Amino acid sequence: MDKDLNNEDSAEQKKRPGCCRISGEAPRGKLHCFDWLADVPGGMAKSDLVEVQFKNTRKGFYKNSIGLDLAIGDLVAVEASPGHDIGEVTLTGQLVALQMKKAGVKPGTELKRVFRKAKPGDLEKYNEAKARENDTMIRARKIAEDLNLNMKIGDVEYQGDGNKAIFYYIADERVDFRQLIKVLADTFKVRIEMKQIGARQEAGRIGGIGPCGRPLCCASWMTNFVSVGTAAARFQDISLNPQKLAGQCAKLKCCINFEVDTYVESVKKMPSKEIRLETADATYYHFKYDIFKREITYSTDKNIAANLVTIDAPRAFEIIALNKKGEKPLSLLRDGEDNRQDKKQYNDILGQDITRFDKKKKKKKQNRQQNKQQSDSNQNQEDQMDKPADKKDNQRQNRKDRNNRRDRRLKPGDTPDNEAPGEGRNAIRDIQPAASPSKRMLNQNDKDAD
């Protein structure tokens with residue numbers, strides 16, 4: 001069923017006049033155009049000029065000198081130097097002259113011719129040459145690196161007949177690639193043409209996804225590049241952070257210019273930044289705009305944010321009119337009005353506060369730290385409780401060791417000083433108790449008398 005619908009859509013698209021893409025896949029860097037005069041009577045007046053699109057962003061204007069019946073989407077073989085090239089007709093009729101004027105083609109420029117509609121043999125050669133482009137680009141980058149050239153080859157495009165190859169490169173400075181051309185010609189056996197492009201053009205050719213989640217504008221619908229300046233960011237009060245303002249091409253984002261005109265027109269309906277608001281208690285200076293809400297935030301300090309008060313534009317104009325009359329209101333706010341700056345600004349669609357995941361992670365981390373500290377304190381308490389018992393055991397063991405060493409030094413029959421007689425390991429068990437000093441003296445007197 002879906003296939004039938006797709007077939008019906010494609011058939012309907014083929015019937016639709018003026019559409020520039022009715023066959024094949026849309027290439028990178030689409031340069032779509034629409035013939036707005038297709039359904040206007042007399043709009044398809046006879047014109048021998050046609051616009052032909054090739055790979056990527058390359059377009060050319062040719063002359064249908066032999067009067068071929070060409071329509072948008074036809075594949076044609078056109079004149080090239082040397083040989084021929086294969087492209088797709090994207091525009092016919094009177095609008096081609098306007099496109100040439102837009103592209104800067106001078107009126108007296110001699111245009112190349114359209115040879116014929118592409119034949120099966122032409123398409124076969126074209127597809128074979130196109131299949132070699134990626135390998136050629138990779139090998140060419142290696143060759144440029146071996147020659148120590150400060151350049152980057154971003155894309156390669158073969159001519160329809162395969163006799164010529166265009167190498168697109170980017171470089172920050174002037175590069176002498178004469179030797180490179182010789183090596184490339186000997187390697188690929190084709191005629192070489194070098195074209196330098198900018199970083200924006202390279203991003204448009206390669207393509208990618210932007211920070212908005214959509215394909216790059218330069219790779220999808222943009223047809224030309226307009227210079228982007230930081231003044232456009234200032235008009236929109238965008239932070240001048242180079243990392244946020246730069247796109248994938250390392251240049252300022254093209255989308256900065258898209259809304260700047262709307263901002264400029266909206267700012268005209270707001271009070272000037274130079275106007276100060278006088279109240280009875282303070283002087284307020286401009287701090288920032290909110291274009292979409294038409295609100296202005298004022299500060300009591302000219303250089304920093306202090307005592308911020310947010311009011312709407314009509315209230316600001318009302319205070320300005322009072323100041324011109326010499327009157328000063330008591331406050332910037334209306335009677336009974338709350339400061340908009342103090343209101344809660346960030347709510348989700350359900351009216352609940354936004355919860356951040358990093359807060360939960362931080363709480364878990366704190367819990368882990370608390371648990372670790374608790375376990376460490378418990379371990380310290382256990383160690384302190386075990387210390388007295390360990391100390392007693394150590395003292396008992398040390399006393400025992402000293403006794404053992406002392407016993408080894410004693411002779412048989414000797415008694416240690418700190419032991420009672422008969423308690424030593426080597427003491428004689430039948431030693432009689434020693435006599436008292438008084439008895440010794442009596443015994444000595446008896447001997448003297450004898």
Side-chain angles (χ1 to χ4, degrees), residues 21 24-31 51-60 62 75-88 90 103 112 118 121-209 215-216 218-220 222-225 248-251:
R21 304 298 303 184
E25 297 181 357
R28 295 176 295 170
K30 303 181 186 71
L31 296 178
E51 182 188 65
V52 180
Q53 179 175 327
F54 303 95
K55 178 185 175 183
N56 297 326
T57 59
R58 187 166 67 95
K59 278 189 174 184
Y62 295 86
L75 295 176
V76 293
V78 298
E79 181 181 1
S81 56
H84 68 274
D85 203 352
I86 303 297
E88 183 177 358
T90 54
K112 296 180 180 180
D122 298 331
L123 297 178
E124 184 178 356
K125 289 183 179 180
Y126 171 71
N127 293 328
E128 290 177 358
K130 190 175 181 180
R132 302 199 308 265
E133 291 176 351
N134 190 37
D135 294 338
T136 301
M137 180 183 64
I138 295 175
R139 294 178 62 185
R141 287 180 177 178
K142 180 62 176 176
I143 293 172
E145 183 180 358
D146 295 339
L147 295 176
N148 297 324
L149 296 178
N150 188 15
M151 61 184 295
K152 177 185 175 183
I153 298 177
D155 197 9
V156 177
E157 179 183 356
Y158 270 95
Q159 196 170 270
D161 54 3
N163 295 329
K164 180 182 175 182
I166 303 175
F167 290 80
Y168 297 92
Y169 72 95
I170 59 174
D172 297 333
E173 55 188 15
R174 186 177 180 85
V175 179
D176 185 7
F177 46 76
R178 289 176 293 182
Q179 182 65 26
L180 176 64
I181 292 177
K182 294 180 182 179
V183 177
L184 293 177
D186 295 338
T187 303
F188 302 111
K189 308 300 181 182
V190 293
R191 186 173 179 179
I192 305 298
E193 181 180 350
M194 306 294 295
K195 282 189 177 182
Q196 185 174 3
I197 59 176
R200 297 181 187 273
Q201 287 82 357
E202 183 192 25
R205 287 176 171 274
I206 296 175
I209 303 298
L216 298 180
C218 55
S220 57
M222 288 183 65
T223 59
N224 58 345
F225 296 98
Q248 295 188 7
C249 58
K251 305 291 183 181

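Keep in mind the model is a prediction, meaning the values are calculated, not measured.
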If you compare all heavy atoms of [X] against all heavy atoms of [Y], which two are closest, and at what distance to 0.1 Å?
X: E202; Y: G154; value: OE2-CA, 4.3 Å
X: A219; Y: A203; value: CB-O, 4.4 Å
X: I86; Y: A118; value: CD1-CB, 4.4 Å
X: D161; Y: G83; value: OD2-CA, 3.3 Å
X: I153; Y: M137; value: O-CG, 4.1 Å
X: A77; Y: D122; value: CB-OD2, 4.4 Å

Below 4.5 Å, heavy atoms only, C-beta onward: do [X] and [Y] meet side chain to side chain?
X: M151; Y: F167; value: no
X: K164; Y: V190; value: no
X: Y168; Y: Q201; value: no
X: R191; Y: Q159; value: no
X: Y169; Y: K152; value: no
X: Y158; Y: T136; value: yes
X: V156; Y: F188; value: no

Separation between [atom1] of [X] and [atom2] of [Y], rounded to the nearest 0.5 Å:
X: T90; Y: K59; atom1: OG1; atom2: NZ; value: 4.0 Å
X: C218; Y: Q248; atom1: SG; atom2: CD; value: 8.0 Å
X: E145; Y: K142; atom1: CD; atom2: NZ; value: 5.0 Å
X: H84; Y: K112; atom1: NE2; atom2: NZ; value: 13.5 Å
X: D172; Y: I170; atom1: CG; atom2: CD1; value: 7.5 Å
X: E128; Y: R132; atom1: CD; atom2: CZ; value: 7.5 Å

Presence of salt bridge, R58 and D85, under 4.0 angstrom: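 Salt bridge flag = yes for R58 with D85.
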Check: residues 173-186 side-chain donor-acceptor pairs under 3.5 Å, at least two apart:
| from | atom 1 | to | atom 2 | distance (Å) |
| --- | --- | --- | --- | --- |
| D176 | OD1 | R178 | NE | 2.9 |
| D176 | OD2 | R178 | NH2 | 2.9 |

Determine yes or no for a side-chain-to-main-chain donor-acceptor pair under 3.5 angstrom, with E133 supplying the side chain and A165 the backbone.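 Not a single qualifying donor-acceptor pair exists.
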